[in-house]
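Taking it in order: structure first as structure tokens, then the write-up.
The structure displayed is predicted, hence computed values, not measured ones.
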Amino acid sequence: MKLATLADGSRDGRLLLVSRDLTRAVDASDIAPTLQAAVDQWQRVEAGLLSRYDALNRGEAAGAFDFDPSRVMAPLPRAWQWLDGSCFLSHGELMQRAFHLDPIEGVETTPLMYQGAGDDFLGARQDIPLPSEAHGIDFEGEFAVLVDEVPMGCTAEQALAHIRLVLQVNDVSLRALAPREMKTGFGFVQAKSSSSFAPVAVTPDELGDAWRDGRVHLPLEVEWNGQWFGHPHGGAMHFGFHQLIAHAALTRRLGAGSILGSGTVSNADRSVGSACIAERRAIEMIEHGAPRTAFMRFGDRVRMEARNADGSPLFGAIDQCVVRGGAPCA
């Protein structure tokens, strides 16, 4: 299934089902008013949602309408918990080389993860309002999963059954603010603004063979101001999402609706480019002694999209402009 949240003026929006080709949608709020409500009672509502989804794809759903990604919020506009990992080791290795950092002990056996802010996610077509270009504005292309309630002590093998939806994320980072927060050991606050999500969240079966080993085996296409920036492959995750879930649930349960991110998609093959500016700058520092690419400026636009192997749409595209405060983008 593919699900989205219609912006209806409320904080949590209204649940929609979206056709497989992302052209049509139908209201599903009579089955579950919001995506959070659906995840809270997934076992009870799944059959009804699936039946209507199938009817939508057959062209038989009553009340169906054209899907407009500019009218939807993030699939889950606010989450009880947002946990972001750093599961592509090539990214961390580049940062270590560029900034002459000591290797992180146990990085190959224990996932890196921080707890971010899940109270104000942005939709795929919403502008990214930020206070200053001096903060080092960067995009970060990621994949993520949304889980139902996960019990404390859940194993990686058990965790796969708790993944209800897969998502695509732009985890905006403010690089000039990050170093101090990292040194404190308390995690990010100012360096992480609101994350943005692609228009639809999808059940794992929608990925077909691209969903295996708890990973999204697809490239993430990234453009910056209309120019190719990279298409790194999600299958290079060192830890799968099931392992991230088990790590997070070692000492506590995870509430239904918790979202876990992969961290910046990164590949050892440099020809595929990058999914964040910081990585390109790190490569430039290694090769040339100094970065040559500046961070984002107000008015810049970033576009991210992962497609199925046949080129058909999967999550829909994130397409956003960075603006000062709440100013509209031209």
Exercise: do [X] and [Y] side chains pair donor with acceptor under 3.5 Å:
{"X": "His91", "Y": "Glu279", "answer": "yes"}
{"X": "Glu142", "Y": "Thr264", "answer": "no"}
{"X": "Trp211", "Y": "Asp205", "answer": "no"}
{"X": "Glu93", "Y": "Ser90", "answer": "no"}
{"X": "Gln320", "Y": "Asp127", "answer": "no"}
{"X": "Asp27", "Y": "Ser29", "answer": "yes"}
{"X": "Lys192", "Y": "Ser173", "answer": "yes"}
{"X": "His162", "Y": "Asp148", "answer": "yes"}
{"X": "Glu284", "Y": "Thr293", "answer": "yes"}
{"X": "Thr34", "Y": "Asp12", "answer": "no"}

Decide salt bridge (charged side-chain N to carboxylate O under 4.0 Å, His left out) for Glu140 and Arg175; before the verdict, give the C-alpha distance in whole Å, the side-chain angles of both, and the deciding distance to 0.1 Å.
CA-CA 11 Å; Glu140 286 195 62; Arg175 301 298 188 181; 3.4 Å; yes
Straight-line distance of [X] [atom1] to [Y] [atom2], nearest 0.5 Å:
{"X": "Asn225", "Y": "Gln227", "atom1": "CG", "atom2": "CD", "answer": "8.0 Å"}
{"X": "Leu50", "Y": "Leu17", "atom1": "CG", "atom2": "CG", "answer": "9.0 Å"}
{"X": "Ser274", "Y": "Arg280", "atom1": "OG", "atom2": "CZ", "answer": "7.0 Å"}
{"X": "Ser258", "Y": "Gln115", "atom1": "OG", "atom2": "CD", "answer": "8.5 Å"}
{"X": "Thr203", "Y": "Tyr53", "atom1": "OG1", "atom2": "OH", "answer": "6.5 Å"}
{"X": "Ile137", "Y": "Ser193", "atom1": "CD1", "atom2": "OG", "answer": "8.5 Å"}

Would you name the heavy atoms of [X] and [Y] that are closest together and state the gap between them?
{"X": "Ala249", "Y": "Leu254", "answer": "CB-CG, 4.2 Å"}
{"X": "Pro69", "Y": "Phe67", "answer": "CD-O, 3.8 Å"}
{"X": "Asn267", "Y": "Ala236", "answer": "ND2-CB, 3.5 Å"}
{"X": "His247", "Y": "Thr110", "answer": "CE1-CG2, 3.6 Å"}

Side-chain heavy atoms nearer than 4.5 Å, only ILVMFWY residues, links allowed to pass through others: does that put [X] and [Y] together?
{"X": "Met237", "Y": "Met304", "value": "yes"}
{"X": "Val169", "Y": "Leu218", "value": "no"}
{"X": "Leu3", "Y": "Leu260", "value": "no"}

Heavy-atom neighbours of [X] [atom1] exceed 12 at 6.0 Å:
{"X": "Glu108", "atom1": "CD", "value": "no"}
{"X": "Arg212", "atom1": "CZ", "value": "yes"}
{"X": "Trp80", "atom1": "CH2", "value": "no"}
{"X": "Arg11", "atom1": "CZ", "value": "yes"}
{"X": "Arg58", "atom1": "CZ", "value": "yes"}

For the rings on Phe139 and Phe229, is their centre-to-centre separation under 6.0 Å?
yes
From CA spacing to verdict: salt bridge (charged side-chain N to carboxylate O under 4.0 Å, His left out), Arg52, Asp30:
CA-CA 11 Å; Arg52 189 168 301 178; Asp30 58 315; 2.6 Å; yes
Quick one, Leu83 and Tyr114 - any side-chain contact, counting heavy atoms below 4.5 Å?
no
Mind checking whether Arg303 and Val222 have side chains closer than 4.5 Å, heavy atoms only?
no
So does Arg78 pair up with Asp119, basic N to acidic O under 4.0 Å?
no
In terms of side-chain geometry, is the basic nitrogen of Arg292 or Glu287 positioned less than 4.0 Å from the acidic oxygen of its partner?
no
Passes salt bridge (charged side-chain N to carboxylate O under 4.0 Å, His left out), Asp319 versus Arg125? Steps please.
CA-CA 5 Å; Asp319 191 351; Arg125 300 295 193 274; 5.1 Å; no
Could you tell me whether a side-chain N or O of Glu206 sits under 3.5 Å from a main-chain N or O of Met1, the two making a donor and an acceptor?
yes
Test side-chain hydrogen bond (donor to acceptor under 3.5 Å, both in side chains) on Asn57 and Ser19 and set out the steps.
CA-CA 5 Å; Asn57 284 303; Ser19 63; 4.8 Å; no
Is it the case that Arg281 places NZ or CZ above or below the six-membered ring of Phe295, under 6.0 angstrom from the centre and within 45 degrees of the axis?
yes
